[in-house]
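By convention in this document, chain letters (A, B, ...) are assigned in the order of the sequence lines, proteins followed by strands, and residues within each chain are numbered from 1.
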Amino acid sequence: MSKKVLSRFFYERPTLEVAKELLGKLLVRMWDGKRISGIIIETEAYIGEDDPACHASVGKTPRNCIMYGQAGFAYVYFIYGMYFCLNVVTERYGFPAAVLIRALEPVEGIEWMKKWRNKDKLSELTSGPGKLTQALFITKELNGVDLCDANGILFIEEFDSKIGKDFIATPRIGIDKGKDKLWRFCCRNNPFVSTL
DNA sequence: TATTGGATCGCC
DNA sequence: GCGATCCAATAG
């Protein structure tokens with residue numbers, strides 16, 4: 001079952017390429033020796049200080065400084081008083097960019113997801129950025145962890161290369177600025193996307 | 001030090 | 001449609 005963990009090189013590339021190619025990969029969260037995982041089926045790109053929707057549009061701050069660091073690390077932040085969002089840092093050191101993981105298709109540890117989400121319906125477990133962090137128990141404690149560490153508690157593996165091929169690009173969700181950019185990518189006809 | 005609003009979700 | 005709920009960023 002163990003597959004290849006994505007290397008640093010995968011993330012050290014243009015953010016739009018990373019965002020598209022993350023579709024179909026497997027996000028794995030280790031908890032108490034168990035694997036809790038899902039296929040990434042929806043992502044969004046946030047690129048540089050010139051992107052008005054990117055947290056780095058205000059410059060480097062204590063919150064967003066992870067985005068300015070090396071690619072392949074997790075940027076987790078708290079939002080709306082109750083939820084977390086998971087991003088993966090991309091591009092070169094010093095350039096702030098990341099990909100937001102917006103939705104997963106549950107694969108392993110589904111019983112734990114149901115417990116932590118307090119929901120039974122499969123389509124309610126990971127069909128949104130706040131939902132999937134709750135389902136995989138991803139909190140601010142995981143901000144800054146190295147996703148390239150195969151022995152770590154959060155990483156991304158190769159999965160099924162066919163799944164991410166058929167995708168559509170749309171404007172990003174839940175933001176006012178930067179609506180002209182089609183920087184949200186989701187697998188076509190997948191029931192686990194956050195919004196149609 | 002005070003105020004404001006957010007890359008959301010779930011219930012009304 | 002709107003309230004929950006709190007932290008980061010900005011204004012003063």
Side-chain angles (χ1 to χ4, degrees), chain A residues 11 14-16 18-20 22-23 25 27 29 38 40-69 71 73-91 95-106 112-145 147 154 156 167-187 190-196:
Chain A
Y11 302 100
T15 307
L16 294 178
V18 178
K20 293 174 199 173
L22 276 173
L23 298 176
K25 301 292 192 289
L27 175 66
R29 201 272 197 245
I40 298 171
I41 52 109
E42 181 178 342
T43 62
E44 275 178 6
Y46 291 87
I47 310 175
E49 297 182 346
D50 293 334
D51 174 5
C54 183
H55 284 177
S57 63
V58 296
K60 191 173 181 177
T61 68
R63 178 171 69 152
N64 66 28
C65 65
I66 293 287
M67 273 203 291
Y68 285 77
F73 284 77
Y75 171 42
V76 181
Y77 66 89
F78 189 59
I79 190 73
Y80 296 123
M82 28 176 43
Y83 298 106
F84 295 97
C85 286
L86 169 67
N87 300 250
V88 301
V89 177
T90 59
E91 314 228 12
F95 183 85
V99 175
L100 169 68
I101 309 298
R102 282 195 60 88
L104 306 174
E105 180 173 332
W112 289 103
M113 295 186 192
K114 288 180 177 176
K115 184 178 174 182
W116 288 330
R117 287 277 298 133
N118 198 26
K119 301 271 181 206
D120 255 1
K121 207 174 162 196
L122 207 56
S123 62
E124 288 296 317
L125 297 179
T126 54
S127 54
K131 297 179 190 176
L132 73 89
T133 53
Q134 196 173 38
L136 272 63
F137 196 50
I138 294 168
T139 67
K140 66 162 65 170
E141 313 299 314
L142 297 190
N143 186 38
V145 303
L147 300 170
L154 191 65
I156 302 175
F167 65 87
I168 58 173
T170 78
R172 292 169 291 182
I173 306 294
I175 56 166
D176 296 327
K177 308 231 171 220
K179 278 249 169 67
D180 55 315
K181 303 287 198 296
L182 302 182
W183 286 356
R184 168 176 177 253
F185 307 100
C186 55
C187 293
N190 188 299
F192 297 96
V193 298
S194 65
T195 310
L196 299 177

Side chain A/N87, main chain A/A98, donor-acceptor under 3.5 Å: no
Nucleotide B/dA7, atom P - distance to CD1 of A/I138 in whole Å: 19 Å
Nearest-angstrom distance from the residue atom CD1 of A/I79 to P of B/dC9: 11 Å
P spacing across the pair C/dT5 / B/dA2, given as an integer number of angstrom: 23 Å
Side-chain (A/N143) to main-chain (A/K140) donor-acceptor, under 3.5 angstrom: no
Sugar-phosphate only, base, or nothing, as touched by A/L100 at under 4.0 Å among non-hydrogen atoms: base
Contiguous pairing runs of three or more, Watson-Crick or G-U under 3.5 Å, that involve DNA chain B: B:1-6 with C:6-11, B:8-11 with C:1-4
Within 6.0 Å of CG in A/D180, more than 12 heavy atoms from elsewhere: yes
Rounded distance in Å - CG (A/L125) to P (B/dC9): 13 Å
Distance-only donor-acceptor test, A/Y77 side-chain atoms vs C/dA8 base atoms, 3.5 Å: no
Sub-4.0 Å heavy-atom contacts from residues 81-88 of chain A onto DNA chain B, ordered by number: A/G81, A/Y83, A/N87
A/R102 side chain vs A/E44 backbone, donor-acceptor pair below 3.5 Å: no
Over 12 foreign heavy atoms within 6.0 Å of NZ, A/K177: no
Separation between CZ of A/F95 and OG1 of A/T90, rounded to the nearest 0.5 Å: 8.0 Å
DNA chain B contacts among residues 51-62 of chain A, heavy-atom distance under 4.0 Å: A/A53, A/H55
Integer-rounded Å distance: B/dA7 C1' and A/Q134 CD: 17 Å
Nearest-0.5 Å distance that lies between atom CD1 in A/I79 and atom CZ in A/F84: 11.0 Å
A/V145 vs A/V76 side-chain heavy atoms within contact, under 4.5 Å: no
Euclidean distance, atom CG of residue A/N64 to atom P of C/dA9 [Å, nearest integer]: 6 Å
Position toward the 5' end of DNA chain B (nearest nucleotide), A/D176 or A/G128: A/D176
Separation of B/dC11 P from A/K131 NZ (nearest whole Å): 11 Å
For atom CZ of A/F185 and atom P of B/dA7, their distance in whole Å: 18 Å
Interatomic distance, A/T126 atom OG1 to A/K119 atom NZ [nearest 0.5 angstrom]: 13.5 Å
Residue A/R63, side-chain heavy atoms: nucleotide from B/dA7, B/dG10, C/dA9 that is nearest: C/dA9
Any donor-acceptor N/O pair, A/R29 side chain to A/F137 backbone, under 3.5 Å: yes
Sugar-phosphate only, base, or nothing, as touched by A/Y80 at under 4.0 Å among non-hydrogen atoms: base
Side chain A/Y68, main chain A/K60, donor-acceptor under 3.5 Å: yes
Nucleotide nearest A/R117 (side chain, heavy atoms from C-beta), chosen from B/dT8, B/dC9, C/dC6: B/dC9
Rounded interatomic separation in angstrom, taking OH from A/Y46 and C1' from B/dG6: 11 Å
Heavy-atom donor-acceptor pair, A/E91 side chain to A/T15 backbone, under 3.5 Å: yes
Touch class at under 4.0 angstrom, heavy-atom based, for A/K177 against every strand present: nothing
